[in-house]
Amino acid sequence: MPETSPILDVDGLTTVLTGSKTTILENVSFSLRAGEVLGVVGESGSGKSMLALAMMGLLPKAIRTASGRISLDGEDLIRLPADQWREKRGRDLAMIFQEPMTALNPVMRVGAQVEEVLRRRRGLSSSQARKVAIDLFHQVEIPSAEARLKSYPHEMSGGMRQRVMIAMAFAADARLLIADEPTTALDVTVQAQILDLLRKLQKERGLALLFITHDLGVIADIADTVLVLYAGRVAEVAPVRQIFDDPQHPYTKALIASIPKIEGPRDRLVTIEGNVPTVGTMPRGCRYAPRCPYRRDICETEAPPLRPVTQGQKVACLQPFGFPQLQEEAFL
C-alpha cells in the first residue's frame, strides 16, 4: 500500500440492535494513516467504545453491523469470515482496553499472557517468546522486567497493568492500535507517563493510533486529528488545532467551553444542559438539537449531513457555519 493510502478506512458504519432498526452507531466515516493519531472524543454514551468494538469485531450479540465498511489495508473486515477476522486481531490490529484488571486473565501470570500472544501470532517457540516478552517489558518501562513476568495482575499497580496491556498490544507488531480510554482509571502522574509511553512507541513504530477518550486535555496532547462523536453520529472532524481554535459545531464548542481554566478569575464551570439520549429515545432530526441553544425547527426534523466547511474540517450541522455569536455564556 502507498504511504499516502489510509491504513484504516471506515465508511458509513452503522450498527443496530439485533432484530430491530434501532441504531447505535449511524453512518460513521473516517480514515487513518500510518503514523497518524486520531482522537475520538465525546461524552459517555456517545458510542466511542462501541466504535472500537465494531472495528475489532467484538460487538456483543445484541448488536450487529447493519451497513458500511471497515477497510484495513484495503480489505473489508466486515465481509471476512469470523475466523479470518479473529486472526487479524492482535496481528494486524490490536486494542488496549480501558480497565486492564478486567482485560487480563486474573489466574495467569502476566508473562504467560504476553508469551501466548507471541506464540500464537508470531509462531515463536516458548524460549523465544520469553526473550521477546522480557524485551517488550523493557520497552514499556516495566522495572525488573524478568521478575515481573511471574507476577499475577492483582500483584501489580494500575499503571503497571496498563503497561502489560500495551506490551501485549505491541507483541504481534500490529500496524493499527486502538486505545479505549487507557488512562481513565489512573492518577494524573501515571496518566502522563502512559501517554508519553504511547506517544514514544507510536512514533518509533510508525503506528496508526486511534485514541478514544472523554478528556479534551489528553486529545490536545496526543492527537493529530479529532473526531467528535455524539449519540452515535459524527458531529465534527478536523485537525486538532482547528478543533480548539475554531470549533464549528455547537457541541464541540460546548465541550471546549466546559474545560476548567487555570488562568484568570475563578468562575462557575460551564456545563451542557441535559444528557446524551439513550438507545430507543434518539431525537428524529439532529441528535444534539434538544440540548443546543441555537436549534431551529428544522433541526428537530432533519438529520444534518457531515459536510466540509474548511480544509480538512467537516461538520454535521444545519446552522450557518462560523457561529460568530457562540459565546461561553450561551452554555451557562
Side-chain angles (χ1 to χ4, degrees), residues 10-18 20-30 38-55 59-60 62-68 70 180-181 210 212-216 219 225-238 243 247-258 270-309 313-323 325-326 330-332:
V10 178
D11 183 23
L13 177 63
T14 299
T15 63
V16 299
L17 289 177
T18 303
S20 78
K21 295 182 179 180
T22 304
T23 61
I24 309 298
L25 297 172
E26 185 173 317
N27 199 30
V28 175
S29 300
F30 62 89
L38 174 68
V40 179
V41 67
E43 296 169 272
S44 296
S46 291
K48 304 186 301 297
S49 293
M50 200 58 62
L51 176 61
L53 293 176
M55 287 188 289
L59 286 173
I63 300 173
R64 65 178 180 85
T65 300
S67 60
I70 304 174
D180 185 10
E181 304 204 39
L210 191 145
I212 296 171
T213 183
H214 63 273
D215 190 333
L216 281 168
I219 286 291
T225 306
V226 183
L227 184 146
V228 181
L229 200 62
Y230 183 81
R233 290 179 181 167
V234 177
E236 184 169 357
V237 59
I243 282 287
Q248 292 289 299
H249 196 283
Y251 179 58
T252 311
K253 181 76 174 180
L255 287 176
I256 294 172
S258 68
V270 175
T271 60
I272 308 175
E273 295 296 328
N275 299 293
V276 178
T278 58
V279 175
T281 64
M282 296 294 181
R284 179 183 170 191
C286 174
R287 292 183 175 177
Y288 185 62
R291 307 173 73 186
C292 181
Y294 298 95
R295 64 181 176 273
R296 296 180 296 170
D297 290 343
I298 191 174
C299 300
E300 299 177 0
T301 59
E302 186 175 333
L306 186 69
R307 49 186 175 176
V309 288
Q313 189 168 20
K314 296 180 180 179
V315 179
C317 185
L318 297 171
Q319 295 278 30
F321 298 114
F323 297 102
Q325 76 276 36
L326 280 182
F331 304 101
L332 290 172

What distance do [X] atom [atom1] and [Y] atom [atom2] have between them, rounded to the nearest 0.5 Å?
X	Y	atom1	atom2	value
Glu300	Cys292	CD	SG	10.5 Å
Arg295	Leu318	CZ	CG	14.0 Å
Thr225	Leu210	OG1	CG	11.0 Å

Q: Take Val41 and Thr252, measure what side-chain contact (heavy atoms from CB on, under 4.5 Å) needs, and give me the verdict at the end.
A: CA-CA 10 Å; Val41 67; Thr252 311; over 6 Å; no
Q. Does the pair His249 and Tyr230 meet the rule for a side-chain contact (heavy atoms from CB on, under 4.5 Å), with working shown?
A. CA-CA 11 Å; His249 196 283; Tyr230 183 81; over 6 Å; no
Q. What residues, two or more places apart in sequence or in another chain, satisfy salt bridge (Lys or Arg N to Asp or Glu O under 4.0 Å) together with Glu302?
A.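 By the salt bridge (Lys or Arg N to Asp or Glu O under 4.0 Å) rule, Glu302 matches no residue at all.
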(Q) Test of understanding: with salt bridge (Lys or Arg N to Asp or Glu O under 4.0 Å), list the residues that count as partners of Asp215, not counting sequence neighbours. (A)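 Asp215 satisfies salt bridge (Lys or Arg N to Asp or Glu O under 4.0 Å) with no residue once adjacent residues are dropped.
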Q) Backbone N or O of Ala303 within a donor-acceptor pair of the Arg287 side chain at under 3.5 Å? A)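 No, the answer is negative, given that no donor and acceptor are paired below the 3.5 Å cut-off.
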Looking only at heavy atoms, what is the nearest atom pair of [X] and [Y], with distance?
X	Y	answer
Gly285	Arg233	O-NH1, 2.9 Å
Ser44	Val276	O-CG2, 3.8 Å
Thr213	Glu181	CA-CG, 3.8 Å
Lys48	Leu229	N-CD2, 3.7 Å
Pro304	Cys317	CB-N, 3.6 Å
Gly12	Asn27	CA-OD1, 3.2 Å

Set of residues satisfying side-chain contact (heavy atoms from CB on, under 4.5 Å) with respect to [X], sequence neighbours excluded:
X	value
Thr65	Leu13, Thr15, Leu59, Ile78
Thr281	Pro277, Thr278
Ala52	Met95, Ile178, Ile212
Thr22	Leu17, Ser20, Val279

Q) Lys314 and Val234: side-chain contact (heavy atoms from CB on, under 4.5 Å), yes or no, with the steps? A) CA-CA 9 Å; Lys314 296 180 180 179; Val234 177; over 6 Å; no
Q: Check the pair Ile256, Ile243 against side-chain contact (heavy atoms from CB on, under 4.5 Å), reporting the backbone distance first and the verdict last.
A: CA-CA 9 Å; Ile256 294 172; Ile243 282 287; 4.2 Å; yes
Within a strict 4.5 Å, meaning less than it, do heavy atoms of the [X] and [Y] side chains meet?
X	Y	value
Phe30	Leu306	no
Ile63	Met50	yes
Tyr251	Ser46	yes

